[in-house]
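A short worksheet on the structure shown next.
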Amino acid sequence: MNYHIGNMLIYQEFNASNECPLCRIRNILEKRLVDQYLNESVMEDSQRRMVNERGFCAHHTQMMHARQNKLSLALQHITRLTSLKAKLEICADTKTAAKLADIFTQSSKTCVICDNVEVNMIRYYKTVAEMFYAETKFKDILLSTNGFCLEHFGQLLKYASFSRSKKKDYIYTLTKLEKEVLEKLLIDLQWFCSKHDYRNADKPWNGAEDALARSIVKLQGEEAK
């Protein structure tokens with residue numbers, strides 16, 4: 001296996017211990033970036049300019065606020081609010097009001113951390129396909145997983161061309177794996193529901209006790225905290 005910085009997390013997280021290895025990778029990236037923006041990045045002019053321009057979404061703001069370094073977040077909020085305040089015009093006409101409405105309704109929807117995560121995740125979608133092409137044992141590693149959340153499954157298919165001459169095998173492997181995983185999940189969900197019938201109370205769970213939680217990850221992904 002050809003280990004390097006670009007695939008270490010893939011080898012680390014592609015196993016049967018979670019519902020979506022790409023969610024785990026994304027969560028690791030998010031946590032690293034949250035720590036970065038609470039520490040060294042707060043002092044870098046280029047990063048502060050990006051924070052002033054893009055800000056943080058509610059999810060990543062809450063992640064930062066839950067950590068110890070609240071002073072760093074407060075300082076970044078000062079510069080972000082100052083930047084937004086500069087765009088606020090006192091006005092009485094509907095045309096200016098409409099322009100301001102666009103600016104401020106979008107102000108909480110842009111996020112420097114989301115931007116960085118997305119750039120890095122695209123790199124991982126491509127790398128998974130490239131590893132399928134280049135690493136002879138990677139197909140077995142891929143098949144050892146529990147598939148992916150539906151969003152990340154779709155993203156892997158979107159970048160399937162990066163598996164080059166093995167593209168058809170890669171797509172077939174991905175789709176077969178995901179369908180089998182979903183079929184098994186549906187069986188577990190049905191038994192999870194049946195277990196709430198008093199007539200089945202004494203029957204074994206057969207591994208279905210966490211089926212609802214697993215289905216949430218499959219449908220919505222797993223969020224970092």
Side-chain angles (χ1 to χ4, degrees), residues 3-81 83-84 106-131 141-142 145-159 162 178 210 213-225:
Y3 292 95
H4 54 78
I5 193 169
N7 66 21
M8 285 296 291
L9 285 179
I10 294 173
Y11 281 121
Q12 175 183 306
E13 299 299 331
F14 272 55
N15 53 62
S17 68
N18 54 69
E19 285 301 303
C20 180
L22 285 169
C23 278
R24 293 294 176 90
I25 289 172
R26 185 200 60 204
N27 292 350
I28 290 168
L29 295 174
E30 282 186 299
K31 289 174 182 176
R32 286 177 181 173
L33 284 163
V34 164
D35 290 339
Q36 179 183 319
Y37 275 95
L38 285 175
N39 293 290
E40 64 268 20
S41 285
V42 74
M43 301 303 294
E44 296 177 10
D45 289 341
S46 61
Q47 295 297 330
R48 287 291 285 273
R49 283 195 296 271
M50 288 302 298
V51 171
N52 292 348
E53 180 183 339
R54 302 288 289 167
F56 302 109
C57 67
H59 170 59
H60 290 128
T61 299
Q62 290 303 318
M63 284 183 69
M64 288 189 285
H65 188 250
R67 284 157 170 74
Q68 291 295 319
N69 192 357
K70 291 179 172 54
L71 172 60
S72 177
L73 181 58
L75 290 169
Q76 292 182 89
H77 277 190
I78 288 172
T79 56
R80 172 65 169 158
L81 284 168
S83 175
L84 288 169
Q106 293 299 314
S107 63
S108 64
K109 298 176 183 177
T110 56
C111 177
V112 290
I113 294 177
C114 287
D115 295 344
N116 275 283
V117 168
E118 182 62 19
V119 167
N120 281 283
M121 288 306 296
I122 289 172
R123 189 176 299 120
Y124 276 103
Y125 305 142
K126 295 176 180 178
T127 301
V128 171
E130 290 166 350
M131 290 171 69
I141 293 173
L142 180 60
T145 70
N146 292 316
F148 304 89
C149 74
L150 296 180
E151 178 188 351
H152 288 144
F153 169 65
Q155 293 286 4
L156 289 172
L157 291 177
K158 182 177 178 180
Y159 293 95
F162 284 84
E178 192 75 3
D210 64 345
R214 288 188 280 122
S215 72
I216 291 171
V217 175
K218 277 288 183 281
L219 288 166
Q220 307 294 338
E222 182 181 315
E223 282 196 347
K225 295 181 176 63

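The chain is numbered in sequence order, starting from 1. Just so we're clear, the structure is a prediction, and the values are computed from it rather than from any experiment.
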>> If I take atom CE from residue M50 and atom OG1 from residue T110, how far apart are they, to the nearest 0.5 angstrom?
In response: 9.0 Å
> For R24 and N27, what are the C-alpha separation, side-chain angles and deciding distance, and is it a side-chain hydrogen bond (donor to acceptor under 3.5 Å, both in side chains)?
Replying inline: CA-CA 5 Å; R24 293 294 176 90; N27 292 350; over 6 Å; no
>> Run the side chain to side chain contact (heavy atoms under 4.5 Å, CB included) test on T127 and Y159 for me, step by step, so that the C-alpha distance in whole Å, both residues' side-chain angles and the decisive distance to 0.1 Å come before the verdict.
In response: CA-CA 9 Å; T127 301; Y159 293 95; over 6 Å; no
> E151 versus L22: any side-chain heavy-atom pair under 4.5 Å?
Replying inline: no
> Do C20 and E222 come within less than 4.5 Å of each other through their side chains, counting heavy atoms only?
Replying inline: no
> Any side-chain heavy atom of L150 within less than 4.5 Å of one from L219?
Replying inline: yes
> Is F148 close to L142 at the side-chain level, that is, under 4.5 Å between some pair of heavy atoms?
Replying inline: yes
> What distance do K31 atom NZ and H60 atom NE2 have between them, rounded to the nearest 0.5 Å?
Replying inline: 11.0 Å
>> Using every non-hydrogen atom in the two residues, find where L73 and M64 come nearest and quote the distance to one decimal.
In response: CD1-CE, 3.9 Å
> Counting N and O atoms only, with roles assigned by atom type, does the side chain of N52 sit under 3.5 Å from a partner on the main chain of S83, one being a donor and the other an acceptor?
Replying inline: no
> Rounded to the nearest 0.5 Å, how far does CZ of R123 lie from CG of N7?
Replying inline: 13.0 Å
> How about H59: does its NE2 atom have over 12 heavy atoms from other parts shown lying under 6.0 Å from it?
Replying inline: yes
> Is there a side chain to side chain contact (heavy atoms under 4.5 Å, CB included) between Y124 and Q155 once you walk through the steps?
Replying inline: CA-CA 10 Å; Y124 276 103; Q155 293 286 4; over 6 Å; no
> Where do V51 and V112 come nearest, in terms of heavy atoms and distance?
Replying inline: N-CG1, 3.9 Å
>> Are the side chains of M63 and R67 in contact, using a 4.5 Å heavy-atom criterion?
In response: yes
> M121 versus H152: any side-chain heavy-atom pair under 4.5 Å?
Replying inline: yes
> Parallel under 30°, tilted from 30 to 60°, perpendicular over 60°: which one fits the rings of F56 and Y37?
Replying inline: perpendicular
> For P21 and G147, which heavy atoms make the closest approach, and how far apart are they?
Replying inline: CD-O, 3.3 Å
> Would you say the side chain of E13 lies within less than 4.5 Å of the side chain of I28, judging by non-hydrogen atoms?
Replying inline: yes
>> Give me the atom names and distance for the closest heavy-atom approach of R54 to R80.
In response: O-NH2, 3.6 Å
> How long is the span from the CG atom in D45 to the CZ atom in R48, to the nearest 0.5 Å?
Replying inline: 8.5 Å
> From E178 CD over to C149 SG, what is the distance, rounded to the nearest 0.5 angstrom?
Replying inline: 8.0 Å
> Got a second to check how far L75's CG is from K70's NZ, nearest 0.5 Å?
Replying inline: 14.0 Å
> What's the verdict on side chain to side chain contact (heavy atoms under 4.5 Å, CB included) for H77 and T61, showing C-alpha distance, side-chain angles and the deciding distance?
Replying inline: CA-CA 10 Å; H77 277 190; T61 299; 4.1 Å; yes
>> What I'd like to find out is whether the side chain of N116 reaches to under 4.5 Å of the side chain of I113, using heavy atoms alone.
In response: no
